[in-house]
Chemist: 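Structure in structure tokens, see below.
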Amino acid sequence: MEYNFKDIEKRWSQYWKENHIYKVTEDESKPKYYVLDMFPYPSGAGLHVGHPLGYIASDIYSRYKRLKGFNVLHPMGYDSYGLPAEQYAIQTGQHPAVTTEKNINRYREQLDKIGFCYDWSREIRTCDPEYYKWTQWAFIKMFESYYCNDVQKALPIADLVKRFADRGTDGLNAACSEELSFTADEWNAKIEKEQQEILMNYRIAYLGNTMVNWCPQLGTVLANDEVSEGVSVRGGYPVEQKIMRQWCLRVSAYAQRLLDGLDELDWTESLKETQRNWIGRSEGTEMQFKVVDSDVELTIFTTRADTVFGVTFMVLAPESDYVDKVVNSDCKESVLNYIESIKNRTERERLIDRSVTGVFSGSYAINPLNGKHIPIWISDYVLAGYGTGAIMAVPAHDSRDYAFAKHFDLPIIPLIKDCDVSNESFDAKEGIMINSCGNGLDLNGLTVKEAIAATKKFVQEKGLGRVKVNYRLRDAIFSRQRYWGEPFPVYYKDGMPYVLDESMLPLQLPEVDKFLPTESGEPPLGRAKNWNTADGYPLELCTMPGFAGSSAYYIRYMDPHNDKELVSRKADEYWRNVDLYVGGTEHATGHLIYSRFWNKFLYDIDVVCESEPFKKLINQGMIQGRSNFVYRIKDTNTFVSLHLKDKYDVTPIHVDVNIVDNDILDIEKFKQWRPEFATAEFILEDDKYVCGWAVEKMSKSMYNVVNPDDIVEKYGADTLRFYEMFLGPVEQSKPWDTNGIDGVHRFLRKLWNLFFDGDQWAVCDKEPTREELKSLHKLIKKVSWDIENFSYNTSVSAFMICVNELTGFKTKSRQILEPLVILLSPFAPHIAEELWHRLGNNTTVCDASWMDYKEEYLKEDSVTYAVSFNGKVRFSIEIQAGTSREEVEKIVLSHESSAKWMDGKTPKKIIVVPNKIVNIVI
RNA sequence: GCCCGGAUGGUGGAAUGGUAGACACGAAGGACUUAAAAUCCUUUGACCAUUGCGGUUGUGCGGGUUCAAGUCCCGCUCCGGGUACCA
């Protein structure tokens, strides 16, 4: 009987859909398991063969867990707000909602063909008002909260208002943009607008003047993780730094919790490390430097407090507030000129041109430890956004300070014994201190480590500064000057923002005539008619960024149709958090930080019961493209096969991988591919045209995009699923290479044939033999272990071995074949379902139970020992199972081959590794 | 620069410190067939031997630990990823 995958897959996918086979509900009688894929942004290009890799892996795991008796939540949805749809809208006038809808339908069609067990009744879309209502709701909650550092938790802003009215800022320890200090009387005397401005300093969602990444071509600001090497991740447009009033989320308040939370997560070490670096905790000291003849004090942050005797100048960031306070009137002009010249440079230019620039402020600071007067400079190598925007420069022990000192001819004082600073700075934190004594502190003779500790202590005791922890993690900029995003539930009264009442949600995205900024430079929402509240207050014109909708989507899946709450307590307490999350590494510093932050906030306000959203995380590797090339002889229309090309002067040309099979070009299709090749001539090898290949990014321009639909059409979904897993470890990046898919397809045909004898169904009730049972139980053991450990590629091999063995045994026993179908079902659900029903079952195969292997079937009668002499294996020998060590030694020594390898010597030592090896040392 | 990974046949990749190269692709040879497809069988790291056993060598490079190292330790080389004037 032929394996007719087309018929099988069509019938069963329809059956699953019509009978809602994969719909799940909360079921207290079963343990829950939540498996989640990172939901896709539905781009116009559709899915390529790389997208389903992670989905297949998680689908296998979901089906396996279900067979193991878990109630598995496995949902899917769409991250449907985003730049590409809007860019497309600008170019074509097509409404992004229309394009998005079209793309979603195409995605769904493609996903359905692969046989995933998603519960589509829980589908969500971030652009759906029923969904973004809760994104807006969370924003309101963040606006109405502040972060208390004492209890390390978000609290209602109303508490803060009360506190201010009672005792002002006295004893307050809250996350804020700027340290403020006022009394209750002062607070109570302020008008509402002033009070609102003060509160903005504490809100978790706040409007703040911050340095932003402005992208002129996209006409919007971008978050740090949306910028890479000075250009936008999407589109690759230049990005510049600019101060703007923007909505921000006080993610930095959660820095320590985000760092600590990593310890309990089952993520790869490298991903945790990436997050740790992004959070960038650094312990150091904050110190004050008085400015000569002024009451200004510069506060600086350093991790090298020990080098304070080597400070020879100070540097301020050009954007620092200190600049105005410090600049001497004589130098004002040159400083202003310098700041102007810096402003005009984009981030990208600064990255490329790292030449040393700076200007003297005309003022001096006093080193608090030796009283020396040191010049204050201004340079853009100091960043306004990190620490205090001011540093003490120690050129001997910091390479950047060193470069600056050399350039401007400033003194360099070495502080470590025997270090040579004539050509470069000595940055290592090691060695013995010298030249470090004054004002009651003597570090000479100490190691660097001891010196850091001693200085910290001294500075603290003398009130010269304090120990401080700094984080690199910045607040997330939350405004986008775009149309296609969630509108803010915010209106303005007297220039101050207020949030809408919850009952007004969702605040629907209005229609606009064009998706471009207005003539006056306002965001596209400035074009919307009647974009204000019922009583006439204008609404916010910016929309939320892409990560807004994706930060809490996993929570909404638990209770997707609830119009009263984000999630009901009951659903949340049942599903809790994601047990297994599968997605790409590209979200390590974006989505995965924001999501964790968002979840912790919801945890603080008692909406969710778990403090971390994703317990275990698997990063699937990227599928790269494998491009094919043909070689055209220069100035001709003749193409020469790969291994003959060196004899000619050729130009490699990308050729569509879809007309190449196992690197052999389909010449007829090639001639039809493009008109200019219709008359092409070929120089063949062995009557074939062999193409060259290279691994590149999968993209249209390289003609190496492989569409899963084509694979499904040719081989079937089950083959695609098996093959994607067989390609290599899930977590590894690898090129898509269709060479080899035939082998997997052959295996499925072979498996199918096990159940038939010619055209006849041949499964019988015969008792299985011992070897058949052994073969089966070996497979159960291997596959169970592999699935638990995401080692699917070796599982596929195990299946192949087992099927080969069973074919050899001519196995037809139901007691072997039925369990085999169950084992197969997570990997190849369609064929498994078909066979399951042919075996006479009325239920679907996903309602079966996974089996445990039985050790008794795996026992061997005899064991093959490898016998080695001095570690080198020489021969092997079969010994009855269960033979004692002493007996094994005796048998091995008396074996005829042993005498030859021992060469008359007596063994010094014999090591017997049970069931494996006997090593004889002579 | 710093922080993570990785390096195994012609290819993708297997190997709880215990016979390296499972499984698959590709290649070569053979069977069936008028022929092809499909299927099946044999060989397939390299080198030497080959009438048959067999031997030598071999997991990026150089050392080390061990009875035994692809695997552990030290020192490199190369490749991939992340990140960066973060004081």
Side-chain angles (χ1 to χ4, degrees), chain A residues 2 228-229 268-278 280-282 284-285 300-305 307 315 317 350-351 354 356 379-383 385-394 397-401 403-404 427 470-474 585-586 588-589 619 621-622 624 626 662-664 693 722-723 726-729 731-744 746-747 749-750 753 785 791 793-801 804 807 864-876 907-922:
Chain A
E2 209 193 322
S228 176
E229 292 183 357
T268 59
E269 237 357 89
S270 77
L271 182 58
K272 287 193 200 178
E273 204 50 40
T274 305
Q275 288 219 338
R276 286 191 191 110
N277 290 341
W278 189 260
R281 181 189 157 101
S282 99
T285 314
I300 58 94
F301 175 78
T302 180
T303 52
R304 291 295 301 274
T307 60
V315 187
R350 283 176 66 161
L351 281 171
R354 290 253 181 116
V356 178
S379 172
D380 69 344
Y381 85 87
V382 173
L383 304 176
Y386 183 77
T388 60
I391 61 153
M392 62 177 213
V394 185
H397 303 292
D398 182 286
S399 56
R400 296 153 302 179
D401 298 344
F404 195 82
D427 291 14
N470 252 329
Y471 298 92
R472 201 185 77 105
L473 185 71
R474 318 265 182 92
T585 3
E586 65 272 23
T589 53
N619 281 128
M622 282 235 298
Q624 295 141 308
R626 187 179 187 278
N662 282 6
D663 291 336
I664 308 296
W693 61 275
F722 250 116
Y723 186 60
F726 186 56
L727 220 45
E731 302 188 69
Q732 190 178 305
S733 286
K734 58 231 157 198
W736 175 261
D737 179 1
T738 327
N739 297 350
I741 195 165
D742 293 298
V744 172
R746 248 196 301 271
F747 151 73
R749 273 210 302 264
K750 236 175 183 172
N753 285 330
W785 192 90
S791 172
N793 55 328
T794 53
S795 269
V796 179
S797 300
F799 270 107
M800 291 177 174
I801 294 168
N804 270 336
T807 306
T864 308
Y865 278 85
V867 182
S868 63
F869 293 85
N870 291 338
K872 214 158 215 178
V873 174
R874 295 303 182 179
F875 62 93
S876 52
K908 280 184 198 154
K909 199 168 161 190
I910 302 178
I911 295 118
V912 179
V913 182
N915 301 334
K916 275 193 179 143
I917 204 158
V918 181
N919 191 22
I920 298 161
V921 187
I922 43 179

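So you know, we letter chains A, B, ... as the sequences are listed, proteins then strands, and number each from 1. Hydrogens, waters and symmetry mates are skipped; everything else that's a heavy atom, side chains included, is used.
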Chemist: Taking atom P of B:C3 as reference, at what distance in whole Å does atom CG of A:Asn277 sit?
Modeler: 10 Å
Chemist: Which heavy-atom pair separates A:Tyr865 from A:Val913 by the least distance, and what is that distance?
Modeler: CE2-O, 3.6 Å
Chemist: Compute whether any side-chain donor of one residue and acceptor of the other, for A:Ser868 and A:Asn919, lie under 3.5 angstrom apart.
Modeler: yes
Chemist: Counting side-chain heavy atoms from C-beta on, which of B:G18, B:A24, B:A38 comes nearest to A:Arg749?
Modeler: B:A38
Chemist: Please tell me if the side chains of A:Thr303 and A:Phe301 come closer than 4.5 Å, counting only heavy atoms from C-beta onward.
Modeler: yes
Chemist: In whole angstrom, give me the gap between the P atoms of B:C74 and B:G21.
Modeler: 29 Å
Chemist: In whole Å, measure the gap between the P atoms of B:G60 and B:G9 for me.
Modeler: 8 Å
Chemist: Which part of the nucleic acid, if any, lies within reach of A:Ser797 when heavy atoms closer than 4.0 Å are counted: base, sugar-phosphate only, or nothing?
Modeler: base
Chemist: Between B:C85, B:G18, B:C25, which one does the side chain of A:Asn739 approach most closely?
Modeler: B:C25
Chemist: Quantified in whole Å, what is the P atom distance between nucleotide B:G10 and nucleotide B:U77?
Modeler: 26 Å
Chemist: Using whole Å, report how far CG of A:Asn793 lies from C1' of B:C25.
Modeler: 15 Å
Chemist: In which ranges does RNA chain B form stems of 3 or more consecutive Watson-Crick or G-U pairs, distances under 3.5 Å?
Modeler: B:1-7 with B:77-83, B:10-12 with B:23-25, B:26-31 with B:39-44, B:45-48 with B:54-57, B:60-64 with B:72-76
Chemist: Are OP1 or OP2 of B:A22 and a side-chain N or O of A:Asn804 less than 4.0 angstrom apart?
Modeler: no
Chemist: Mapping A:Ile741 and A:Ile920 onto RNA chain B by nearest heavy atom, which one lands closer to the 5' end?
Modeler: A:Ile741
Chemist: Can you see if the side chain of A:Lys916 gets near the phosphate of B:G17 - specifically, an N or O under 4.0 Å from OP1 or OP2?
Modeler: no
Chemist: Considering only B:U83, B:U11, B:A87, which nucleotide approaches the side chain of A:Thr589 most closely?
Modeler: B:U83
Chemist: Just checking A:Ile801: base, sugar-phosphate only, or nothing, at a heavy-atom cut-off of under 4.0 Å?
Modeler: sugar-phosphate
Chemist: How many whole angstroms separate atom CG of A:Asp398 from atom P of B:G1?
Modeler: 17 Å
Chemist: Mind checking the OH-CZ spacing from A:Tyr381 to A:Phe404? Nearest 0.5 Å is all I need.
Modeler: 5.5 Å
Chemist: So, is A:Tyr386 near the phosphate of B:A87, with a side-chain N or O under 4.0 Å from OP1 or OP2?
Modeler: yes
Chemist: Taking the P atom of each, how far is B:A68 from B:G18, in whole Å?
Modeler: 14 Å
Chemist: With respect to the phosphate group of B:G13, does any side-chain polar atom (N or O) of A:Gln732 fall under 4.0 Å of OP1 or OP2?
Modeler: yes
Chemist: Of all the nucleotides listed (B:C4, B:U83, B:U19), which has the minimum atom distance to the side chain of A:Trp278?
Modeler: B:U83
Chemist: Is any side-chain heavy atom of A:Leu727 closer than 4.5 Å to one of A:Trp736?
Modeler: yes
Chemist: What pair of heavy atoms forms the shortest contact from A:Thr307 to A:Met392, and how long is it?
Modeler: OG1-CE, 3.7 Å
Chemist: Side chain of A:Thr303, heavy atoms from C-beta onward: which of B:U39, B:A87, B:A24 has the nearest atom to it?
Modeler: B:A87
Chemist: Taking only the P atom of each, what is the distance from B:C23 to B:G45 in whole angstrom?
Modeler: 12 Å
Chemist: Between atom CZ in A:Phe869 and atom P in B:G18, what is the gap in whole Å?
Modeler: 20 Å
Chemist: Please check: side-chain N/O of A:Asn470 versus main-chain N/O of A:Gly284, any donor-acceptor pairing under 3.5 Å?
Modeler: no
Chemist: List, with names and distances, any nitrogen or oxygen atoms from the protein found under 3.5 Å away from nitrogen or oxygen atoms belonging to nucleotides 56-59 of chain B.
Modeler:
residue, atom, partner, partner atom, Å
B:U56, OP2, A:Arg874, NH1, 3.4
B:U57, OP2, A:Lys872, NZ, 3.4

Chemist: Report yes or no: does A:Tyr471 contribute a side-chain atom to a donor-acceptor pair with the main-chain N or O of A:Ser282 at less than 3.5 Å?
Modeler: no
Chemist: For a 4.5 angstrom cut-off between non-hydrogen side-chain atoms, does A:Val873 reach A:Ile917?
Modeler: yes
Chemist: Please classify the nucleic acid contact of A:Arg276 as base, sugar-phosphate, or nothing, using heavy-atom distances under 4.0 Å.
Modeler: nothing
Chemist: So, does the side chain of A:Asn919 form a donor-acceptor pair with the base of B:C67 at under 3.5 Å?
Modeler: yes
Chemist: Is A:Ser282 touching bases, backbone alone, or none of the nucleic acid, heavy atoms closer than 4.0 Å?
Modeler: sugar-phosphate
Chemist: Counting the atoms with a prime plus P, OP1 and OP2 as sugar-phosphate, which does A:Val913 contact under 4.0 Å by heavy atoms, base, sugar-phosphate, or nothing?
Modeler: base
Chemist: In terms of the nearest nucleotide of RNA chain B, which residue is placed more toward the 5' end: A:Asp742 or A:Val796?
Modeler: A:Val796
Chemist: What's the closest nucleotide to the side chain of A:Thr864 if the choices are B:A14, B:A87, B:U19?
Modeler: B:U19
Chemist: Can you tell if the side chain of A:Arg276 reaches within under 4.5 Å of the side chain of A:Glu269, non-hydrogen atoms only?
Modeler: yes
Chemist: Taking atom C1' in both B:A20 and B:G13, what distance in whole Å separates the two?
Modeler: 13 Å
Chemist: Quick check for you: among B:A84, B:U11, B:A14, whose closest atom lies nearest to any side-chain atom of A:Pro729?
Modeler: B:A14
Chemist: Rounding to an integer number of angstrom, what distance separates B:C79 and B:A28 when you compare their C1' atoms?
Modeler: 33 Å
Chemist: Round to the nearest Å and state the distance from A:Ile917 atom CD1 to B:A69 atom P.
Modeler: 11 Å
Chemist: Can you tell me how far the OG1 atom of A:Thr807 sits from the NZ atom of A:Lys750, to the nearest 0.5 Å?
Modeler: 6.0 Å
Chemist: Whole-Å distance between B:C23 P and A:Phe726 CZ?
Modeler: 10 Å
Chemist: How is A:Pro735 classified with respect to the nucleic acid when contacts are heavy atoms under 4.0 Å: base, sugar-phosphate, or nothing?
Modeler: nothing
Chemist: Counting any heavy atom closer than 4.0 Å, what does A:Lys750 reach on the DNA or RNA strands: base, sugar-phosphate only, or nothing?
Modeler: sugar-phosphate
Chemist: Assign A:Arg474 to base, sugar-phosphate, or nothing according to its heavy-atom contacts below 4.0 angstrom with the strands shown.
Modeler: base
Chemist: Hey, is the main chain of A:Ala393 close enough, under 3.5 Å, to the side chain of A:Asp398 for a donor-acceptor pair?
Modeler: no
Chemist: Rounded to whole angstrom, note down the C1' distance from B:A14 over to B:A24.
Modeler: 11 Å
Chemist: When the distance from NZ of A:Lys909 to C1' of B:U66 is rounded to whole Å, what number comes out?
Modeler: 9 Å
Chemist: With heavy atoms under 4.0 Å as the rule, sort A:Leu727 into base, sugar-phosphate or nothing.
Modeler: sugar-phosphate
Chemist: Separation of A:Glu273 atom CD from B:C2 atom P, in whole Å?
Modeler: 15 Å
Chemist: Classify the glycosidic conformation of B:G12 as syn or anti, calling it syn when the angle lies within 90° of 0.
Modeler: anti
Chemist: For a 4.5 angstrom cut-off between non-hydrogen side-chain atoms, does A:Asp401 reach A:Ile391?
Modeler: yes
Chemist: Just compare B:G82, B:A87, B:C4 and give me whichever is closest to any side-chain atom of A:Ser270.
Modeler: B:C4
Chemist: Within this structure, what is the CZ-CZ distance for the pair A:Arg874 and A:Phe869, rounded to the nearest 0.5 Å?
Modeler: 8.5 Å
